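Bear in mind that the values here come from a model prediction, so they are computed numbers and not experimental data. Numbers restart at 1 for each chain; the letters A, B, ... are given by sequence-line order, proteins then strands.
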Amino acid sequence: MQKAKEKIMHALFLICACVSILAVVVICVYLFGTGIPAMADVGFFKFLFGTEWRPAVDSWGIFPMIIGSILVTGIAILIGVPIGVLCAVFMSFYCPKKLYKFVKPAINLLAGIPSIVYGFFGVMVLVPFIRNVFGGSGKSLLTAGILLGIMILPTIIKTTEASLNAVPTSYYEGSLALGATHERSVFFAALPAAKSGILAAIILGIGRAIGETMAVVMVAGNQAILPESITSGVRTLTSNVILEMGYADEHKQSILVATAVVLFVFILIINLCFSVLKRRKD
Amino acid sequence: MEKVVEMKKVEQNQPENYINKVTFRDKLREYKKHPKSLVIMILVMLSAVFAVGILLFLMIYILANGIPHLTAEQFEWKYTPENQSMMPAIINTLTMTVLTLLIAVPVGIFAAVYLVEYAKRGNKLVKIIRVTTETLSGIPSIVYGLFGFLLFNMQLGWQYAMLGGIITLAIMILPLIIRTTEEALLAVPDSYREGSYGLGAGKMRTVFRIILPAAIPGIMSGVILAIGRIVGESAALIYTSGTFRSTPSGIWDSSATLTVHMYVQSNEGLHVNQAFASGVILLALTFLINLASDLIERHIQKKKG
């Protein structure tokens with residue numbers, strides 16, 4: 001009796017453990033099963049590199065969205081990474097203990113704020129600001145990039161701080177003992193030792209930025225054309241899905257799933273980079 | 001890092017020890033000699049001020065504009081276009097959170113138990129499970145939303161139903177629960193297991209009576225993180241559980257959570273003040289969730305040390 005119970009529980013644990021495998025398989029089957037045929041229908045090349053997205057005339061090129069996603073993510077990284085890394089340096093090498101008790105929860109809170117609140121904040125504050133400074137509508141590549149840069153800050157700060165804290169103190173102390181200043185010791189002895197951690201932080205940040213939907217859709221302008229300048233509106237892969245899903249017939253739905261497949265492939269590549277990096281560290 | 005903290009303590013306890021003390025004037029002199037260091041120091045400070053400042057600005061901005069618009073009519077039981085009540089959305093958020101956790105937490109905990117307590121080392125299956133959970137945790141929420149829409153709303157013909165959103169979210173938070181539970185289980189000392197087996201308990205009894213109770217704080221911190229993700233999620237929900245918000249709804253009805261409610265409000269552009277008010281409630285929820293997770297974290301640290 002007891003033995004049977006043990007066996008049943010063992011099986012139950014095993015089944016639960018396999019749920020995540022099942023989930024990934026089902027998600028892949030649905031996405032690729034719907035997306036790939038749709039892509040083939042349009043023509044892979046035409047779909048991926050076509051610059052014209054005009055559902056009305058059956059023209060489905062998502063190249064502007066791919067570029068949009070990459071550009072927005074790029075700007076977010078340009079803004080988020082330097083500030084995030086320096087802030088992590090502050091927390092791990094400069095911050096007095098009393099202040100740390102305030103800064104650490106603040107960063108956690110920044111990580112917990114829902115993206116819709118960020119988006120709303122972007123619409124109310126960032127968009128008018130950009131409009132006043134650069135002209136145009138204010139909803140632009142730059143606006144979305146800045147907002148995403150802020151949103152990925154906590155990810156970058158937390159990961160970088162953890163890897164900085166893992167660097168042996170002797171690196172820093174040794175450098176100080178050789179007569180280097182505090183800054184020199186931090187930036188030339190401790191920071192290089194945390195390189196792989198910082199790289200991991202950047203990859204995580206890219207993943208977060210490229211997958212973000214709600215905040216971007218609210219501030220990016222969403223024109224499905226290749227952006228001419230940094231202040232023109234863009235549409236990302238994620239916004240394309242959320243914008244057009246609402247009133248899509250079955251054919252268009254499958255095209256949107258194909259858009260998500262492209263996004264999914266991007267994410268898989270990013271995940272792969274991350275796990276390769278992690279394995280190298282171990 | 002530990003060492004640095006220790007050293008600082010020693011310094012504080014022995015004020016007469018001046019040898020390694022750097023006064024403010026020493027620092028100034030050093031920065032005069034190394035102007036580049038000064039520039040870097042200023043950049044570091046500015047970044048920290050920016051990160052914390054942006055949080056303070058965002059919070060104060062939302063609170064200052066939102067609190068004056070938190071009126072009684074926004075908490076009326078039924079939503080109408082006039083009162084813009086967020087009560088149905090709040091209740092939907094609560095039901096959704098509870099039901100999602102009911103699905104994801106047991107499955108996640110059991111999966112972690114299998115990975116930590118049952119699986120043999122070097123098991124191929126474990127590797128596959130690791131890879132798939134990592135993949136799941138990297139998928140953007142809009143992709144989850146699209147998948148949920150395809151499977152539940154279209155294939156199974158549920159239309160916009162809360163249940164579709166719940167299952168989508170449950171899959172989404174599963175990796176989080178598995179990972180945190182795994183960490184909590186690994187932190188339980190082996191002597192607990194050995195003691196239990198030594199007294200003649202079976203594996204199942206050891207897991208449920210000894211190991212899981214000891215891991216509860218760690219598991220709880222994972223659950224709270226998951227609550228934060230559920231409350232803050234919107235992209236995965238708009239096309240699964242939908243945007244209907246007139247009354248608190250059952251699991252087969254379309255139902256907007258608070259984030260979706262706020263999205264619709266700010267998208268229409270007609271109810272900006274009420275959107276601010278929804279933002280205040282969302283910020284308050286985020287704050288509470290973070291507070292709870294801080295308390296548990298502190299509890300765990302205390303136990304450790």
Tell me, for [X] versus chain A, whether the close heavy atoms (under 4.5 Å) come from the side chain, the backbone, both or neither.
X        : result
B:Tyr144 : side chain
B:Ile171 : side chain
B:Leu58  : both
B:Ile62  : side chain
B:Phe287 : both
B:Tyr160 : neither
B:Gln265 : neither
B:Val107 : both
B:Val52  : side chain
B:Leu43  : both
B:Val260 : neither
B:Leu151 : both

Legend entry - Pairing residues for A:Ile146 by the side chain to side chain contact (heavy atoms under 4.5 Å, CB included) criterion, not counting sequence neighbours: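 Testing A:Ile146 for side chain to side chain contact (heavy atoms under 4.5 Å, CB included), a comparison that skips the adjacent residues, returns A:Ile79, A:Leu126, A:Ile130, A:Leu142, A:Ile150.
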Check whether any side-chain heavy atom of [X] sits under 4.5 Å from a side-chain heavy atom of [Y], and report yes or no.
X        : Y        : answer
A:Phe90  : B:Val49  : no
B:Leu38  : A:Glu183 : no
B:Ile142 : A:Leu237 : no
B:Asp294 : A:Pro105 : yes

Inset, instruction - Could you tell me whether the side chain of B:Glu134 and the main chain of A:Ser275 form a donor-acceptor pair under 3.5 Å? - result: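 It does not hold such a pair.
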Legend entry - A:Tyr30 (side chain) donor-acceptor with B:Leu150 (main chain) under 3.5 angstrom: no
Legend entry - ring pair (Phe, Tyr, Trp, His ring centres under 6.0 Å) between B:Tyr263 and A:Phe120, intermediate numbers included: CA-CA 8 Å; B:Tyr263 174 67; A:Phe120 186 65; over 10 Å; no
Taking all non-hydrogen atoms of both residues, which atom of [X] and which atom of [Y] are closest, and how far apart?
X        : Y        : result
B:Ser234 : A:Met214 : OG-CG, 3.1 Å
B:Ala51  : A:Leu110 : O-CD2, 3.9 Å
A:Ile27  : B:Leu136 : CD1-CD2, 4.1 Å

Contact origin within [X] toward chain B - heavy atom pairs under 4.5 Å:
X        : answer
A:Leu109 : both
A:Gln253 : side chain
A:Ile210 : neither

Legend entry - Distance, nearest 0.5 Å, that separates CZ of B:Phe50 from CG of A:Leu153: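 With rounding to 0.5 Å, CZ (B:Phe50) is 6.5 Å from CG (A:Leu153).
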